[in-house]
Amino acid sequence: MPPAEDRFLYPDERAAGLTAGELAARFDHYITTCRRLQESRGPGLKILVGFETETYTGSFEFARKLIDKYAPDYIVGSVHHVADLNFDFDKDHYQKAVQALGGIDTLYRRYFDHQYEMITCLRPRVVGHFDLVRVFDPGYSERLRRPDIAEKIDRNLASIKNLGLLLDLNTRALSKDAKEPYPSRAILEKALDMKIPVVPGDDSHGVATVGKHIGRGIRLLEEMGFDTRWDNVINR
Ligand SMILES: [Zn+2]
């Protein structure tokens, strides 16, 4: 989604001289193009039109306005900010967010609290890159198991299950030298136990990376025993 206001522009957008208003116009063009492609699709090709939301001050209200205006087929609910600070743009942003919050464990706890709020407020069809908060943390496997963090993960998974939402298996991580997609294996195992459906996504930011690593993601889900007949879940 476009930023709710200029202060939430990403550094690359700011460097390109873009404004929230220009990105709103670009978003409008994106939806219009998707709807046109949807109408002209060939037989056997199903296109769903969606967008990814943000989580920061004013973002839910803005997302609701976009949903009312464009009536997307689905949305992906994501968190890229904690306490209004972006943490995933690069290592520097991550470090600054850790410092502002007083430690990496606090960043994790606040991230999962924001995510819970997003899940319950927006009820997105798909919850995006569930544990993105680990993006620049080499010690994430151990940290995700700490009781005060694990209990928030369990709470969020339970709300995803109760609301009938889907988890995104995000293969974009594999293009950034990560060992595994989001969410990490231990969280996927919990999702499998809880019978939460997981759908693969490339999180492509442009035409060049459409479908990147998607086969690897699908193989992982098959090996773990997930149901990969997604027609059952996306047609609901
Ligand atoms: Zn994202």
Side-chain angles (χ1 to χ4, degrees), residues 1-4 7-14 16 18 20 23-24 26-27 30-31 34 48-60 62-63 66-67 70 72-94 96-97 107-108 110-119 121-137 140 144 153 156-157 160 165-178 180-184 187-188 191 198-214 217:
M1 64 185 252
R7 74 179 167 119
F8 293 113
L9 285 162
Y10 285 97
D12 52 346
E13 294 167 344
R14 205 180 292 277
L18 291 163
L23 287 164
R26 187 183 281 194
F27 180 80
Y30 157 73
I31 298 278
C34 289
L48 298 175
V49 180
F51 64 89
E52 183 185 25
T53 67
E54 294 282 8
T55 301
Y56 48 61
T57 302
S59 70
F60 299 158
F62 190 54
L66 295 171
I67 291 165
Y70 294 104
D73 300 323
Y74 75 110
I75 58 168
V76 178
S78 295
V79 181
H80 311 101
H81 296 73
V82 170
D84 287 352
L85 298 165
N86 171 262
F87 62 84
D88 76 319
F89 185 76
D90 58 20
K91 278 185 187 165
D92 190 45
H93 279 72
Y94 195 81
K96 282 185 178 140
L107 178 73
Y108 272 60
R110 294 283 298 276
Y111 170 88
F112 286 113
D113 284 348
H114 284 321
Q115 186 181 61
Y116 182 70
E117 205 188 335
M118 180 278 295
I119 289 167
C121 284
L122 290 181
R123 301 187 176 198
R125 194 77 182 85
V126 179
V127 175
H129 44 61
F130 184 87
D131 56 353
L132 179 68
V133 68
R134 67 174 164 85
V135 59
F136 295 114
D137 174 21
Y140 73 83
L144 290 168
I153 290 172
N156 294 9
L157 288 174
I160 289 170
L165 313 181
L166 314 175
L167 261 187
D168 157 48
L169 182 86
N170 189 295
T171 61
R172 185 174 168 81
L174 301 173
S175 301
K176 296 186 187 169
D177 299 332
E180 56 179 345
Y182 304 109
S184 56
I187 294 172
L188 280 178
V198 179
V199 288
D202 58 27
D203 195 355
S204 182
H205 288 202
V207 174
T209 51
V210 169
K212 197 154 184 215
H213 300 305
I214 209 83

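Both counts, for ligands and for their atoms, begin at 1 and track the order of listing. For this chain, numbers begin at 1 and follow the sequence in order.
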Participant: Does the pair Thr53 and Ile67 meet the rule for a side-chain contact (heavy atoms from CB on, under 4.5 Å), with working shown?
Facilitator: CA-CA 10 Å; Thr53 67; Ile67 291 165; 5.5 Å; no
Participant: Quick check for you: to the nearest 0.5 Å, what is the distance between Asn156 atom CG and Glu117 atom CD?
Facilitator: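 Rounded to the nearest 0.5 Å, the CG-CD separation comes out at 11.0 Å.
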Participant: With a distance cut-off below 6.0 Å to the six-membered ring centre and an angular limit of 45° from the axis, does Arg134 pair with Tyr140 as a cation-pi contact?
Facilitator: yes
Participant: As an exercise, state the distance from CD of Glu54 to OH of Tyr10, rounded to the nearest 0.5 Å.
Facilitator: 3.5 Å
Participant: side-chain contact (heavy atoms from CB on, under 4.5 Å) with Gln115: which of Asp131, Thr55, Val82, Val127?
Facilitator: Val127
Participant: Can you tell me if Asp168 uses its side chain to pair, donor with acceptor, with the backbone of Val76 under 3.5 Å?
Facilitator: no
Participant: For the Zn ion (ligand 1), which protein N/O/S atoms are closer than 2.8 Å?
Facilitator: Glu52 OE2, His80 NE2, His129 NE2
